Amino acid sequence: MSIFRFPLLVWLGIGTLIISLGIRQSFGIFMMPISDSFNTGREFFSFTIALQNLLFGLFQPFVGMAADRWGSRRIITVGAISYAAGLYLTSLATEPSILYVTFGALIGFGLSATSYVIILGTIARVVPAEHTAKAFGLTTAAGSFGMFAVIPGAQSLMNIYDWQTTLQIFALACCVIIAFASFMKTANKEAKSSLKAVSTAPKIDDTQTLREALKEAFNNKSYWLIHAGFFVCGFHVMFIATHLPSYLADKGLPGSTAAMALAYVGIFNIFGSYFWGVMGDKFDKRYVMTSLYLIRTVVIAAFVTLPVTVDTAAIFGGAIGFCWLGTVPLTSGLVRQMFGARYMSTLYGLVFFTHQVGSFLGAWVGGRIYDYYGSYEPIWWSTVFLAFCAALIHLPINDKPVPRLATLSAAA
């Protein structure tokens, strides 16, 4: 299936992710101005981002269950409102503690309802199973395009205005997500109608209850290995996104270098996410994931070892960007492949919660270690070790469909 033949629902999901994740990935460049504004150390902002990501993941299974039951359109609309409120109220804050509620809880919930779990769960029901990883890869790439587009814009806005005005502009951008959500119900009906004549449409077991689906997944050892691998991904992504700008500033590089490096992460991940998604359709997803994490191991180790310059920062941004969120189409594809599409949002939502526990630790521990040691070196080498462990974790996963799905396919 050509990407241009994907249903409208896929493209509405892409538009939602461009805005939601584009804004989210820019938060790292707010660390120094917000910390200076409230006269706090870096651990304060790091913990706020960590709390945001933990709640992002904590809300995710419940938001996924709600989307599986009532549809994604309502959930995305509520999430966009919460996201906008969190951004706007943060811009008005006069005490740092209020950021735990606004920048932490409100944005955390907003992200949980407007990001990958909801969008990918919806797409899984309207795209043929053999093209799922490709569709997931294209959708994941959208978040990276948002990163590429939003981060330089955010840096420019802060140079012209201040961080408060920039957050207010971001709050207005969230209203566009509501517009996209308003068309999703119609697009979903059209997509399902067009798939009725397609023999390869996803097969859904409507007789399975949510309780049965959870029991089936929890008793599957491979499901927990997927959790462990995604934990490492979360640790990597949020540590780098949150602390790379400060790390480069400590090395005497200008703020524009950090914005450029993160933009390179975004632009190269556009190609990387789609590439890894296509590889997941063609080859065994377990081995593709192992290859991705081995590349991460080498890239991070090289960056920590080599001198930090404008050129090495740019190269690192592009290299790590190529394998940045390639884990998303592969991980979600494994969940879809093993357990089916019926409770995709719920089961992947639980895996994503583990990812966000890793994100919590990556963001917070990075600031904690810096304030304690005055250096990021220990945490950088920890990411290298974790990347290598994640490469090994995926090898013993049994990615075959569970017996229930095998029986369903045979009966069909």
Side-chain angles (χ1 to χ4, degrees), residues 25 28-29 31 46 140-141 144 147-148 151-152 228-276 279 287-328 330-331 355 358-359 361-363 365-367 369-370 373-395:
Q25 296 289 357
I29 66 176
M31 174 180 284
S46 298
T140 303
S144 299
M147 185 177 184
F148 168 73
I151 291 176
F230 221 30
F231 169 89
V232 175
C233 179
F235 191 96
H236 284 165
V237 168
M238 283 315 298
F239 166 69
I240 294 172
T242 304
H243 295 282
L244 181 62
S246 300
Y247 177 72
L248 295 178
D250 291 342
K251 298 296 183 179
L253 300 179
S256 58
T257 300
M260 174 194 65
L262 290 175
Y264 277 20
V265 171
I267 194 65
F268 276 85
N269 192 40
I270 294 173
F271 304 106
S273 295
Y274 186 68
F275 169 80
W276 293 111
M279 291 299 100
Y287 302 143
V288 177
M289 286 282 276
T290 294
S291 300
L292 186 153
Y293 278 109
L294 287 176
I295 293 174
R296 277 197 192 182
T297 304
V298 173
V299 168
I300 298 173
F303 180 61
V304 180
T305 303
L306 296 172
V308 179
T309 66
V310 173
D311 292 335
T312 57
I315 293 171
F316 173 73
I320 200 67
F322 187 72
C323 52
W324 184 252
L325 293 179
T327 56
V328 174
L330 295 172
T331 302
H355 179 282
S359 296
L361 292 174
V365 173
I369 285 180
Y370 178 85
Y373 291 103
S375 171
Y376 283 116
E377 297 300 322
I379 195 72
W380 275 116
W381 284 110
S382 297
T383 63
V384 174
F385 174 75
L386 287 173
F388 185 72
C389 290
L392 300 179
I393 282 172
H394 288 87
L395 294 176

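All values derive from a computational prediction rather than experimental measurement. Note: hydrogens, waters and symmetry copies are ignored here, and every other heavy atom, side chains too, is used.
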Min side-chain heavy-atom separation [X]-[Y] under 4.5 Å:
X: Phe316; Y: Tyr264; value: no
X: Pro245; Y: Leu262; value: yes
X: Thr327; Y: Arg296; value: yes
X: Phe303; Y: Trp380; value: yes
X: His243; Y: Tyr247; value: no
X: Leu395; Y: Tyr287; value: yes
X: Phe322; Y: Val299; value: no
X: Phe388; Y: Val298; value: no

Open item on the list: Using the side-chain contact (heavy atoms from CB on, under 4.5 Å) definition, which of the options Thr383, Ile379, Val384 pairs with Trp381?
Closed with: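 Considering Thr383, Ile379, Val384, a side-chain contact (heavy atoms from CB on, under 4.5 Å) with Trp381 is found only for Val384.
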
Nearest 0.5 Å, what's the [atom1]-[atom2] distance between [X] and [Y]?
X: Met289; Y: Met279; atom1: CE; atom2: CE; result: 15.0 Å
X: Ile320; Y: Ile315; atom1: CD1; atom2: CD1; result: 13.5 Å
X: Leu248; Y: Thr309; atom1: CG; atom2: OG1; result: 10.0 Å
X: Ile393; Y: Phe231; atom1: CD1; atom2: CZ; result: 9.5 Å
X: His394; Y: Leu392; atom1: NE2; atom2: CG; result: 11.0 Å
X: His236; Y: Thr297; atom1: NE2; atom2: OG1; result: 7.0 Å

Looking only at heavy atoms, what is the nearest atom pair of [X] and [Y], with distance?
X: Ala261; Y: Ala313; value: CB-O, 3.7 Å
X: Asn269; Y: Gly326; value: OD1-N, 4.0 Å
X: Ser246; Y: Tyr376; value: CB-OH, 3.6 Å
X: Gly367; Y: Ser46; value: CA-OG, 3.6 Å
X: Tyr373; Y: Pro378; value: CD1-CG, 4.4 Å

TODO: Before giving the answer on side-chain contact (heavy atoms from CB on, under 4.5 Å), spell out for Cys389 and Tyr293 the whole-Å C-alpha distance, their side-chain angles and the decisive distance to 0.1 Å.
DONE: CA-CA 9 Å; Cys389 290; Tyr293 278 109; over 6 Å; no

Open item on the list: Under a 3.5 Å distance rule, please check whether Ser359 uses its side chain to pair with a backbone N or O of Phe235 as donor and acceptor.
Closed with: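 Judged by distance alone, no pair lies under 3.5 Å.
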
TODO: Say whether, by atom type as modelled, one donor and one acceptor occur between the side chain of Thr312 and the main chain of Pro307 under 3.5 angstrom.
DONE: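 Pair found, side chain donor or acceptor close to backbone of Pro307.
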
